[in-house]
Amino acid sequence: MDIITLQDIKSLVEIKDDYAISIFLNTHRYGKDTQQDPIRLRNLISNVEKQLLSEGLNHPTVQKILEPAQELLLQSGFWKHTSDGLVIYISSGIFKAYRLPIEFDELIVISTTLHLKPLLPYFARDGHFYVLALSQNLIRFFEGTRYTVDEIFLEETLPNLAEGMKSLEFSKELQFHTGTSDKHGGLNAAVFHGHDPSDDDVKRLLNWFHKVDKALASFLADEKSPLVLAGVDHLIPLFRKASTYQNIVEENISGNPDQWSTKEIHEKALPIIEPIFKKDKNAAIEKYQNVKSNQLTSNAIDEVIFYAHQGRIDTLFIADGEKVWGTFDLKKQTLKVHREQDTGDHDLLNISAVQTMLNGGDVYVVASEKVPDGSQLAAILRY
């Protein structure tokens, strides 16, 4: 199972296929309901099979297309570590399964491109954040939404840093050891005995945190989501100094986070994050109203979808849960909207939002009544 990033979205949006399949499913973290998750996925796969057969594909071809999804049903380890939602993407030679801390309505979309809109709350400007928990024993990394957080296990990245630390010589009064990731997926970093590290010790710590920052940089590439730091007070200022990430939140969670559960991490982070999201959203809505008279806004889908591809959208508001089906030709600048989904149709809201994000714009997924000017989408233009 992969961790999804904005870089992945850039790759997924480029996929064009006769049969690009998107499957969305709610899953459960604990309890008896976890046993029903693979059964519900099996039912969705069966529905996909029926749709493909109805499109004229023969049974062996359909079986080959869906083989990776069928194999996933048999992977017991996969179903022991689920989150709140599961999305599966299938096209020629591609199978991706992502667990995400957001809930999905059960949905199947078979089109010529993959359906990405349900992921928007995960990437939207007001729906996604990170937490980096630092202590003298562990480094733990979390991603979250307003609903929950998940721990991201970066065992392929962070444990390699421990090898580099073996070559560092700390002063005798500062006992130090390194290790590999533990059962929590964190890195057994530094263990200190004493409270007044020397200037040399501080330099070594900064060097360590530069390495951690570099390891996280590839994961956080192109990210705008806020990052909350959690940890003991003397380590957080050093990491702030070492980090190159531009969106570290000013307020931090103070304490030793080693034994905090994901629920506790979420409960401590949310009061810090929510005011930031609310302030940013209100400022964006106010900006929309202010620039409206300058003709720097649009709420017409036939304009917005092309502006999004041209990189002209600064901020986009889209109605949560709504879809606008149709087709468009970027070269000919033509668009057709349909009342019901037809063969080859795309969700035009989905495309507008994804292209806005890929061109560096901000996307807010809001209740339909919160979209400015009462439309299904509304955009602030850069020019």
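Residue numbers count from 1 along this sequence.
Within the structure, the salt bridge (charged side-chain N to carboxylate O under 4.0 Å, His left out) test picks out no pair touching residues 324-334 (sequence neighbours left out). Residue pairs meeting the side-chain hydrogen bond (donor to acceptor under 3.5 Å, both in side chains) criterion with at least one member in residues 63-78: none, sequence neighbours excluded.
For F142, there are no ring pair (Phe, Tyr, Trp, His ring centres under 6.0 Å) partners at least two apart in sequence or on another chain. By the ring pair (Phe, Tyr, Trp, His ring centres under 6.0 Å) test, F328 is found to be paired with H309, residues two or more places apart in sequence or in another chain being considered. Every residue two or more places apart in sequence or in another chain that forms a side-chain contact (heavy atoms from CB on, under 4.5 Å) with K370 is listed here: V366, A367. Applying the salt bridge (charged side-chain N to carboxylate O under 4.0 Å, His left out) rule to E303 yields no partners; only residues at least two apart in sequence or on another chain are considered. For D213, the side-chain contact (heavy atoms from CB on, under 4.5 Å) partners at least two apart in sequence or on another chain are S243, T244. The ring pair (Phe, Tyr, Trp, His ring centres under 6.0 Å) check on F209 picks up F239, with sequence neighbours excluded. With sequence neighbours excluded, the residues that form a salt bridge (charged side-chain N to carboxylate O under 4.0 Å, His left out) with K287 are D314. Legend: residues meeting side-chain contact (heavy atoms from CB on, under 4.5 Å) with D18, ordered by chain and number and at least two apart, are absent. For R42, there are no salt bridge (charged side-chain N to carboxylate O under 4.0 Å, His left out) partners, not counting sequence neighbours.
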Could you list the donor-acceptor pairs under 3.5 angstrom formed by side chains in residues 373-383, with sequence neighbours left out?
residue, atom, partner, partner atom, Å
D373, OD1, K292, NZ, 2.7
D373, OD2, Y288, OH, 2.7
D373, OD2, K292, NZ, 3.3
S375, OG, N299, O, 3.2
S375, OG, L377, O, 3.4
Q376, NE2, E322, OE1, 2.9
R382, NH1, G311, O, 2.8
R382, NH1, N359, O, 3.2
R382, NH2, N359, O, 3.3
R382, NH2, G360, O, 3.2

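Within the 3.5 Å criterion, the main-chain N or O of L72 finds a donor-acceptor partner in the side chain of W79.
Residues R29 and D150 are paired through a salt bridge, judged by an N-O separation under 4.0 Å between the basic side chain and the carboxylate.
Residues F141 and Y130 bring their aromatic ring centres within 6.0 Å.
Between I318 and the options N350, V365, V304, a side-chain contact (heavy atoms from CB on, under 4.5 Å) holds for only V365.
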Walk me through whether K241 and H210 qualify under side chain to side chain contact (heavy atoms under 4.5 Å, CB included). CA-CA 9 Å; K241 185 174 182 179; H210 278 300; over 6 Å; no

